[in-house]
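Read through the structure below, which is laid out as structure tokens, and then see the notes.
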Amino acid sequence: MKPEIWHQLGVKDQEFEMIVNILGREPNYVELSMYSVMWSEHCSYKNSKNTLKLFPTENERILLGPGENAGIVDIGDGLAVVFKVESHNHPSAIEPYQGAATGVGGIIRDIFTMGARPVALLNSLRFGPLEDAKIRWLFGGVVSGIAGYGNCIGIPTVGGEVYFDGSYSGNPLVNVMCVGIMDQEKISLGQAKGTGNSVILVGARTGRDGIHGVTFASEELGEESEEKRPAVQVGDPFMEKLLIEACLELIDMGVIVGIQDLGGAGLTCATSEMASRAGTGMEIDISLVPRREEGMLPFEVMISESQERMLLVVEKESEELVKKVFDRWELSATVIGRVTDDKMVRVKEKGEVVAEMPAKSLADEAPVYCPEMKTPSYIEEVCRLTHSKIPEPADPEEVFLKIITSPNIASKEWVYRQYDHMVRTCTVVLPGSDAAVLRIRGTKRGIAVTIDGNGRYAYLDPYLGGITAVAEAARNLVCTGAEPLAVTDCLNFGNPEKPEIFWQFYKAVEGMSKACQEFNTPVVGGNVSFYNETAKGAIFPTPVVGMVGLLEDLDQRCTIDYKEEGDHILLAGQGEPTAGGSEYLSIIHDLLEGCPPEIDLEQEIKFQNFILEAIRAGLVSSAHDLSQGGLAVALAEGCFKNSLGVQVKLSAERDIRWDILLFGEVQSRAVLSIKPDKYIEIMELADKKGVPLKQIGEVKGKDFNLEVTGPEMRKAINLPLEEIIEKWRGAIECMMEL
């Protein structure tokens, strides 16, 4: 076999030699194709595996951590929450609608494969500037794809985030999270146990779509990427809905021994991983695989990533029952093989062996690399920024309106009004708050879900950016009244073979790990997405954190909106606002410099415990953490839902500039509103918890009135709320109409 053959499949010379040593011979093309997909970065995590060991993965609530299709966390009363986030970045850059839609379909399968009923979807999206027509096409296509799949399948899309920055212009990020609820006794695993048990392929027929999709996801995007459009899968949400019901019915009946979805690397991944986890082998005959295209070659059948397919392992006597259930749901169910005891994956076509290799070598024995690390030269340069070097604006109202209407701050209603977020009628806190909240049927409890990340922070300081991503997610849950439980993550970075990129990755994981340990929120699963770059450079390092929290009493949930005129507005927490990495610095001064806001994890935990206890004690009417846009934006966002104005007066202390005070960003702080008669009680609680708390204004009128005074200085924003809301709400829609 010539080197150009394995090079075309993304296999390095030393990896080819490893394959030869494992097999004791040269692989044939089918075998080489199978190794190429399983040893790709997307499937094997060969550049990230060692670093991911930094993450804490266990505590008293974790029922199942990394290693299976999704993590499982105990939420009491015999119930568990199942959740995971994954990326579909490269496919979405080529074909945004189907790239996003099949990303949704794939993460849903990961959840119901575990035996859980999917109950919610979230997404984290990154694009270039909306002034660019192609970016608007990508953005619109991705949002339509998410809506088209989620709405049709009947799972609510309840939350997420959307950011725009030039670093994502050639390589958008599409990270999708799914959450499910299940009975703990019905946990299903992707293991091929039981020699002689039947292997059944169910769901859609196999075609050529998605071939080498994982290889495509393991390389940089370039001009030739358009030619790889056929690598993008095509989804069918209506079939997936039937697949969910049929699989969950069989799980309820206790028939399934093992189950796994056919996502990246298709049959190759499912057969090898299921056998490897169980310490068994698997023999299949691909001539039995139902196909929707003529003339498919064996390697195409084995690595096709056609959607809406599952692989089941059942006892032989259950074959007819499985077929009967799938017939009733009008789905295909075909016995294609059996479990063996020789630990080999053996692929036949009409009885002739076309591939044979150890299951473990495919699933678990890919090379593990330790890439070089080097601190990027830009780090020292960008950290030199001081506030004295930033010109002080003249007009605070002009600054405020520019920031509140910037695409990163403006209303995302244009996005989420396309999503059905009320289907199944479990959503009790809708998109637009700090986190979504869903009821757990049959109980008084609920779960809060969020997904967060800040690429600017991670670019300026990956370690601090990693900490902040976890802290922000936890803060959002706490502001709804939920106790944070656990984390799933999607780590989006450039080419790990470049030392500066791998340094970003390592430092971000190090920071996330530190925060997860301190918050006692283990990582139960996730996804690494490397090679997110083009000839123009890499994306910002973007660690995205999905987090789930538990509300013991759903009636105690809290939202960001002010509830009643006359309520006091309080500022909780402490921390020095900074312009580093802020939306203010980007929008007003066109700069990406400085150090992101520092975070003291001990103080952050005190702060979050105070917020959670105050909400549970019924002392808080609304809570909203300070994040992008700073204090002025947080104060305004509380006004929007109920059209309630505010009057707030601030004193510029410690010589802090008014623009930094209003628009600088800071950790461990939140805006609260309370009933006046709760003031003494909440102040006593704050003092007890060691958390600074002060009244800064009240809910009043129909204007947004924010005043800052200091030595020989007075700055004010006094604008009709109606004007602010109109501009905030229509900003993205206006951009999409360009």
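FYI, the numbering just counts along the sequence from 1.
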Is Glu300 salt-bridged to Arg291, going by a charged N under 4.0 Å from an acidic O?
no
Under 4.0 Å between a Lys/Arg side-chain N and an Asp/Glu carboxylate O for Lys360 and Glu365?
no
Could you check whether any side-chain N or O of Glu319 sits under 3.5 Å from a backbone N or O of Leu321, counting only pairs where one atom can act as donor and the other as acceptor?
no
Without swapping roles, check the side chain of Thr113 against the backbone of Arg109 for a donor-acceptor pair under 3.5 Å.
yes
Ion pair check, Asp209 and Arg292, cut-off under 4.0 Å:
yes
Ignoring hydrogens and angles, tell me if any N or O in the side chain of Glu308 forms a donor-acceptor pair with the backbone of Asp236 under 3.5 Å.
yes
Verdict with supporting geometry, Tyr35 and Ser361, side-chain hydrogen bond (donor to acceptor under 3.5 Å, both in side chains)
CA-CA 9 Å; Tyr35 276 109; Ser361 71; 2.8 Å; yes
Out of curiosity, Leu267 CG to Leu262 CG, how far, rounded to the nearest 0.5 Å?
5.0 Å
Under 4.0 Å between a side-chain nitrogen and a carboxylate oxygen: does that hold for Asp285 and Lys348?
no
Taking NZ, NE, NH1 and NH2 as the nitrogens, is one of them in Lys412 or Glu161 under 4.0 Å from a carboxylate oxygen of the other?
no
As an exercise, state the distance from CD of Gln556 to CD1 of Ile615, rounded to the nearest 0.5 Å.
9.5 Å
Would you say the side-chain atoms of Glu240 and Gln307 include a donor-acceptor pair closer than 3.5 Å?
no
Salt bridge check, Lys324 against Asp327: does any charged N sit closer than 4.0 Å to a carboxylate O?
no
Do Asn520 and Asn59 have side-chain N/O donor and acceptor atoms under 3.5 Å apart?
yes
Please check if any side-chain donor atom of Ser332 sits under 3.5 Å from a side-chain acceptor atom of Arg309, or the reverse.
no
Distance in Å, Ile560 CD1 paired with Asp434 CG, rounded so as to fall on 0.5 Å steps:
6.0 Å
Acceptor/donor pairs from residues 546-555 side chains to any protein atom, 3.5 angstrom cut, sequence neighbours excluded:
unit_1: Asp553; atom_1: OD1; unit_2: Asp555; atom_2: N; d: 3.0

